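Naming convention: chains lettered A, B, ... in sequence-line order (proteins, then strands); numbering from 1 in each chain. Keep in mind the model is a prediction, meaning the values are calculated, not measured.
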Amino acid sequence: MVSSKDVAKFAGVSQSTVSRVLNNPRLVDAKTFEKVTKAMKELNYRPNSIARSLVKQQTQSIALISGPLHNPFFVETTTSIVNYSKERGYNVNVHFENFGDNMAVYQDVLNQKVDGIILSSILYEDPIYEELIKSEVPFIMFNRKHKKNGHYVEMDNVQAGRIATEHLLSLNHRKIVWIGGPLSMTTFKGRFDGFKEVMLEKGIEVSDHNCKTTDTSKSDIKKVLQEVLAVKERPTAIFAATDSIAIYLIDLLIEKGYRVPDDISVIGVDNIALSQHNSFQLTTVGMEEEKDLGRIAIEHLIEIINEAPADFINKTYKNKLYNRSTTKKI
DNA sequence: TCCCCTTTCGTCTACGGACC
DNA sequence: GGTCCGTAGACGAAAGGGGA
C-alpha cells in the first residue's frame, strides 16, 4: 500500500509536507503543492483513515443502532441519518436492535471506537446506559429514552396515544383494542399510557383483553390478531401503536375477508411516508411538523460531538391527527 | 507458558531552522 | 518578521523478542 512516505520520496519532499498538502495547503508553496499532488496521482495514493484517526482521536464514524427494518419508520430514519452524516463527513456503521438481547450489539459498537452513537434500541431501565456513560462516547437516543435521562429526541408518545384514542372514541368506537410492542420500550409505554388514560377517563376498562403486546414481527402480529378476532364481541377499532403494525394488521384483516374501515377501523402512529400511499391512506398520528426524528437526532449528535454541551438535549415534539381513510364512524 | 517491554504501522502537528 | 519545510514525538493495537 502506498503511504505518504512513498509520496514524499517520489515528490522529493518530507512526509510532513505531504500531510500539509492534504490538511493545510495554504502553508505550502504552489510549486511544491503541484509536485506533491502530481506524485499522489501517479502513485494512486489514498490516505489511511485508520492512521489518521489514531492521531486525531476521531474516527469520523458514527454507530447507529436502529430498530428492525421491517418497520418502515426505521427505513426512513436510517436513510436520513446516513445521508445527513455523509453530508457532514461521517460514515455510519448500522446495527440492528436484537429483541431480547442487545448486549452483543452494544459490545460490538463500543469496541468500534466511534465518535458518537445514535440509538433507538434502549429500554427504559436498560443497564447499558451506565456503560455508555462510562465509555464517554457521546450518544443520543431517538424515539426512546432512559429513566436516567441522557440526550434524547422523541415525539410525545403519551399525547400521540391520547390523540389516537380520542379520535376513535369521537367516532363512537368503544370496543377498542391496543396492539403494540413491549412496554419496556418508552415508545410503546407512552402510547399505551395515553390510550389507557383516555379510556379510563371515559369509564372504559383497560385489561389484557383490550391491550395486546407483540414482538412487532408479522407472524406475532398475526397470532395476536387471531386472539383479538376470536372473542365473542370482536373490537370495532384497533389502535396500532405504530404505522408498521397498522399496515400489517390491515393486510391480515383483508386476507381474512374484513373490510377496513367498514368492518373495523385501524389507526396507527408515526405518520411514515408509506401511510400516505393511496393504497393505504392510513389514519395516523404524527409530529405536528412533518420532520424526521432520525434527522433531528443526528443533527443534535454531531452538535454534541463538536461542542459537548453542558446540559442534556431533551426534545419532545407535539403531534396531531392525520385523518385519512382507515377509520370510520359507527 | 507467561509476562513485560519494545517496535511497528501511517498520520498529524508543535517546534524550530533556513531563507528571503 | 514572514514563509516554507523538515524533524521528532505522539497516537493505539498488535506482534515480536527476551527473560523468568
Side-chain angles (χ1 to χ4, degrees), chain A residues 1-66 78 81-98 101-119 121-122 126-141 150-151 297-310 312-313:
Chain A
M1 210 168 74
V2 179
S3 70
S4 58
K5 262 187 192 168
D6 300 320
V7 174
K9 199 173 172 187
F10 192 90
V13 296
S14 71
Q15 183 273 327
S16 59
T17 301
V18 176
S19 177
R20 259 183 229 111
V21 166
L22 288 169
N23 301 295
N24 259 318
R26 60 187 175 79
L27 299 179
V28 181
D29 180 72
K31 277 182 189 166
T32 310
F33 180 85
E34 202 177 319
K35 254 194 320 190
V36 173
T37 48
K38 199 177 163 194
M40 284 174 177
K41 264 190 189 165
E42 290 270 334
L43 299 176
N44 196 24
Y45 167 70
R46 296 265 183 283
N48 183 325
S49 59
I50 298 171
R52 183 175 274 175
S53 65
L54 189 63
V55 178
K56 289 203 153 190
Q57 296 287 297
Q58 277 197 337
T59 57
Q60 291 300 115
S61 57
I62 285 168
L64 161 64
I65 308 174
S66 169
T78 299
I81 288 166
V82 170
N83 288 343
Y84 183 74
S85 301
K86 196 167 184 164
E87 273 174 38
R88 298 293 306 270
Y90 289 90
N91 292 312
V92 180
N93 308 328
V94 183
H95 303 257
F96 295 105
E97 175 179 22
N98 181 16
D101 180 22
N102 269 330
M103 282 316 282
V105 179
Y106 289 123
Q107 292 312 324
D108 259 7
V109 167
L110 289 172
N111 287 341
Q112 278 177 357
K113 307 290 176 210
V114 290
D115 294 346
I117 303 170
I118 177 165
L119 65 159
S121 52
I122 204 158
D126 210 320
I128 195 63
Y129 181 88
E130 299 295 346
E131 220 170 309
L132 287 169
I133 292 285
K134 264 191 227 156
S135 77
E136 294 184 2
V137 179
F139 70 97
I140 189 165
M141 300 163 276
H151 300 288
I298 189 66
E299 284 176 6
H300 283 306
L301 179 63
I302 292 176
E303 180 190 323
I304 294 162
I305 291 170
N306 293 319
E307 292 161 32
F312 286 129
I313 292 169

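Between A:N48 and B:dT11, a side-chain N or O to OP1/OP2 separation shorter than 4.0 Å is absent. Between A:S4 and B:dT11 there is a side-chain polar atom (N or O) within less than 4.0 angstrom of OP1 or OP2.
Contact annotation for A:N24: no contact, since no heavy-atom pair falls under 4.0 Å across all strands. Across all strands shown, A:S3 has heavy atoms under 4.0 Å from sugar-phosphate atoms exclusively, and none from any base.
Using a 3.5 Å distance cut-off with no hydrogens or angles, the side chains of A:S19 and A:S16 do not pair a donor with an acceptor.
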Report task. Could you give me the CA-CA distance, side-chain angles and deciding distance for A:Y106 and A:L119, then say whether side-chain contact (heavy atoms from CB on, under 4.5 Å) is met? Result -> CA-CA 10 Å; A:Y106 289 123; A:L119 65 159; 3.9 Å; yes
**Report entry** From CA spacing to verdict: side-chain contact (heavy atoms from CB on, under 4.5 Å), A:I302, A:I62
**Finding:** CA-CA 9 Å; A:I302 292 176; A:I62 285 168; 4.2 Å; yes
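Between the side chain of A:D115 and the main chain of A:Q60, a donor-acceptor pair closer than 3.5 Å is present.
Looking at every heavy atom in both residues, A:V114 comes nearest to A:V137 through O-CG1, 3.6 Å.
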Report summary line: Expected string for nucleotides 4-15 of chain C under the B/S/- scheme (protein heavy atoms, under 4.0 Å, primed atoms plus P, OP1, OP2 as sugar-phosphate) is SBBB--BBBS--
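In this structure, A:I50 places its CD1 atom 15 Å from C1' of B:dT8, rounding to the nearest Å. Atom CD of A:Q58 is separated from atom C1' of B:dT13 by 15 Å (rounded to the nearest Å). B:dT13 atom P lies 11 Å from atom CG of A:L22, rounded to whole Å.
Residues in residues 126-137 of chain A take part in these salt bridge (Lys or Arg N to Asp or Glu O under 4.0 Å) pairs, two or more places apart or across chains: A:E130-A:K148.
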